[in-house]
Number of protein chains: 2
Amino acid sequence: MTRVLVIDDEAPILRALKINLTARQYEVSTAADGASGLAAMARDRPDVLILDLGLPDMDGTDVIRGVRGWTSTPIIVLSAWGQESQKVAALDAGADDYVTKPFGMNELLARLRAAVRRASPAPDEPVVTTGEFTVDLARKVVTRAGADVRLTPTEWQLLEVLVRNTGRLVTQRQLLAEVWGPGYQTEANYLRVYVANLRRKLEPDPSAPRYLLTEPGMGYRFRP
Amino acid sequence: MTRVLVIDDEAPILRALKINLTARQYEVSTAADGASGLAAMARDRPDVLILDLGLPDMDGTDVIRGVRGWTSTPIIVLSAWGQESQKVAALDAGADDYVTKPFGMNELLARLRAAVRRASPAPDEPVVTTGEFTVDLARKVVTRAGADVRLTPTEWQLLEVLVRNTGRLVTQRQLLAEVWGPGYQTEANYLRVYVANLRRKLEPDPSAPRYLLTEPGMGYRFRP
DNA sequence: ATGCGGCGTTAAGAAGCCATCAAGATCATT
DNA sequence: AATGATCTTGATGGCTTCTTAACGCCGCAT
């Protein structure tokens, strides 16, 4: 189910969105100001963010930047009519789309569908195979030598980020932000511990990794 | 340079867009109806499509579907104010964004930037190839003779700056400032050491460089 | 010819980063 | 309340990378 976070300080709008989106099978969480919105973003990991620019505590573009600092989750911005410079600023700060109030629910829903569709370009190969093990992203199963490998939730999240970026170098900051949350970008220790766990469970020779590679000073890379 | 195709049957709008976009370093091609627009799409392979829904020969959503049949190039739709059902149909047909006429040029430009940014995570061509090696900026991979070349973080940063300025001379001050920071603009020694490292890893004959060239007294240049 | 400045090369110590282990803290479940 | 699994945290040793300095070469101007 698609998860949506709505950040808006106007209770009627919040309620209307929640009712309409829930009725259409979205899973909705809400926040009423920028600070708790950013916290909810980190906690709930929604698939889309709907953000009202007129928040009481923070400037809207700062919220966008706060989100963009660690994730590329689509952001749809809501704002009053006619403030073109605000539109430009929001889009340049990293928003994906812009809806002017008052808006029709159908338009918002269409933009929501478009944003979700763009964000998941192709549910391409959900199964990745190496010479040693197989990762099924959709079913959340790892197989090695015919048997299932048991991974803890954190181990799985870490492996998933690496596999979704197969061949690409993933920086430590990015891994920490995506697995532990944006507040953990300096806890490089966690990475060492959990990469070691994964290697012990997946690599033929954990001390000479062939698939989960270290790039000293930069990050890690999954190479099938 | 980013290439834009504009499909619109109103000559004044076409002209205004062409002038404004060209002035901002976009490469603009145009078409005045749906059929020739689809042909231009296939011929020019633009990076973004700006499409007016009110075309004389075809329904706008059919043009969108015709494009979406074979490419995921971002589509920004232009249309008259107030026709919400049309908006919804266009977005569901696969459009990425929607601008209502009359629109401000700044807003359109912002949406254009947002569309291009979404479409290409790395703004430029992420892969550069020479006769000897290839550099993939996005994945952070350098391949030479079929094998990956391991680079240290500093080596990467240096190579990245040079490759992002392919063909251009990059001064020593600029390199030092971008790789080591603005306080290191006199430490020309670092450059010699690290350029030598890169040459040893990348050049066929490190003592007679063909790709990482020295410009005595000025700086360095990457020539593919 | 000779001195000078910029460049290439090399090597060694210093600093920072990584792998590994293990023990305490936390959480879910019974 | 107890148990087992999972997560966090700290410490250690080993390794990579960065920094720094020394030396030789080449081109250029005197």
Side-chain angles (χ1 to χ4, degrees), chain A residues 42-43 140 142 148-162 169-181 183-222, chain B residues 140 142 148-162 169-173 175-181 183-221:
Chain A
R43 187 184 61 243
K140 295 207 189 304
V142 180
D148 285 2
V149 180
R150 261 192 62 74
L151 297 183
T152 72
T154 308
E155 287 166 3
W156 175 260
Q157 275 194 276
L158 180 59
L159 180 64
E160 181 165 346
V161 175
L162 286 171
L169 178 115
V170 190
T171 64
Q172 304 190 3
R173 295 177 67 83
Q174 189 180 344
L175 284 169
L176 288 164
E178 292 205 31
V179 177
W180 279 269
Y184 290 74
Q185 298 189 16
T186 58
E187 302 285 346
N189 247 340
Y190 294 7
L191 282 180
R192 303 203 194 97
V193 172
Y194 278 89
V195 170
N197 288 347
L198 284 178
R199 283 177 177 154
R200 196 170 323 119
K201 294 184 178 179
L202 300 178
E203 291 273 0
D205 179 2
S207 60
R210 291 182 51 190
Y211 306 108
L212 301 170
L213 308 180
T214 303
E215 301 279 350
M218 300 197 284
Y220 293 87
R221 184 197 306 272
F222 170 72
Chain B
K140 290 222 187 327
V142 178
D148 287 359
V149 180
R150 271 187 45 76
L151 299 183
T152 72
T154 309
E155 288 165 3
W156 249 113
Q157 282 191 273
L158 180 58
L159 181 63
E160 187 164 339
V161 175
L162 288 170
L169 169 78
V170 189
T171 65
Q172 302 191 359
R173 296 179 67 84
L175 285 169
L176 287 164
E178 290 205 34
V179 177
W180 280 269
Y184 289 74
Q185 298 190 13
T186 58
E187 302 284 347
N189 226 349
Y190 293 7
L191 283 181
R192 299 198 200 99
V193 172
Y194 277 91
V195 170
N197 287 348
L198 284 178
R199 284 176 176 154
R200 194 173 324 119
K201 293 184 178 180
L202 299 179
E203 291 274 0
D205 179 2
S207 59
R210 292 180 51 190
Y211 305 109
L212 301 169
L213 308 180
T214 303
E215 302 281 349
M218 311 268 306
Y220 295 87
R221 183 197 305 270

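Quick note on labels: first sequence line is chain A, next is B, and so on, each numbered from 1. Keep in mind it's a predicted model, so treat the numbers as computed, not measured.
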Excluding sequence neighbours, so at least two apart, what forms salt bridge (Lys or Arg N to Asp or Glu O under 4.0 Å) with R199(A)?
none

Can you spot which of V195(B), V161(B), L169(B) makes a side-chain contact (heavy atoms from CB on, under 4.5 Å) with Y220(B)?
V195(B)

Under 4.0 Å between a side-chain N/O of R192(B) and OP1 or OP2 of dG8(C), yes or no?
no

Contact residues, residues 211-221 of chain B to DNA chain C [heavy atom, < 4.0 Å]
T214(B), P216(B), G217(B), Y220(B)

Return the value, rounded to whole Å, for the distance between atom CG of L191(B) and atom P of dG8(C).
10 Å

L176(B) CG to dC7(C) P, straight-line distance once rounded to whole Å:
11 Å

Could you tell me whether the side chain of N197(B) reaches within less than 4.5 Å of the side chain of T154(B), counting heavy atoms only?
no

With sequence neighbours left out, what residues match Y190(B) under ring-ring contact (aromatic ring centres under 6.0 Å, His included)?
W180(B)

Using only side-chain N and O atoms of Q172(B), determine if any of them is under 4.0 Å from OP1 or OP2 of dG6(C).
no

With sequence neighbours left out, the residues meeting side-chain contact (heavy atoms from CB on, under 4.5 Å) with F222(A) are V128(A), T130(A), F133(A), L162(A), V163(A), T166(A), Y211(A), L212(A), P224(A)

Is V193(B) touching bases, backbone alone, or none of the nucleic acid, heavy atoms closer than 4.0 Å?
base

Test salt bridge (Lys or Arg N to Asp or Glu O under 4.0 Å) applied to E155(B) - qualifying residues, sequence neighbours left out
K201(B)

If the condition is side-chain contact (heavy atoms from CB on, under 4.5 Å), which residues does R43(A) pass it with, not counting sequence neighbours?
A40(A)

E160(A): which residues meet the salt bridge (Lys or Arg N to Asp or Glu O under 4.0 Å) condition with it, sequence neighbours left out?
K140(A), R164(A)

Those residues of residues 197-208 of chain A lying under 4.0 Å from DNA chain C by at least one heavy atom
R199(A), S207(A)

Separation of N189(A) atom CG from dT12(D) atom P, in whole Å?
14 Å

Holding to salt bridge (Lys or Arg N to Asp or Glu O under 4.0 Å), I want the full list of residues that pass it with E215(A), two or more places apart in sequence or in another chain.
R221(A), R150(B)

Note: contacts of residues 148-159 of chain A with DNA chain C (heavy atom, under 4.0 Å) are none

Residues forming a side-chain contact (heavy atoms from CB on, under 4.5 Å) with A177(A), sequence neighbours excluded
W70(A), Q185(A)

The side chain of Y194(A) lies closest to which of these nucleotides: dC7(D), dC7(C), dC18(D)?
dC7(D)

Does a side-chain N or O of W180(A) approach OP1 or OP2 of dC7(D) to a distance below 4.0 Å, or not?
no

For atom OH of Y190(B) and atom C1' of dT9(C), their distance in whole Å
17 Å

Given atom CD of E187(A) and atom P of dT8(D), what is their separation to the nearest angstrom?
9 Å

D148(B): side-chain hydrogen bond (donor to acceptor under 3.5 Å, both in side chains) partners, not counting sequence neighbours
none

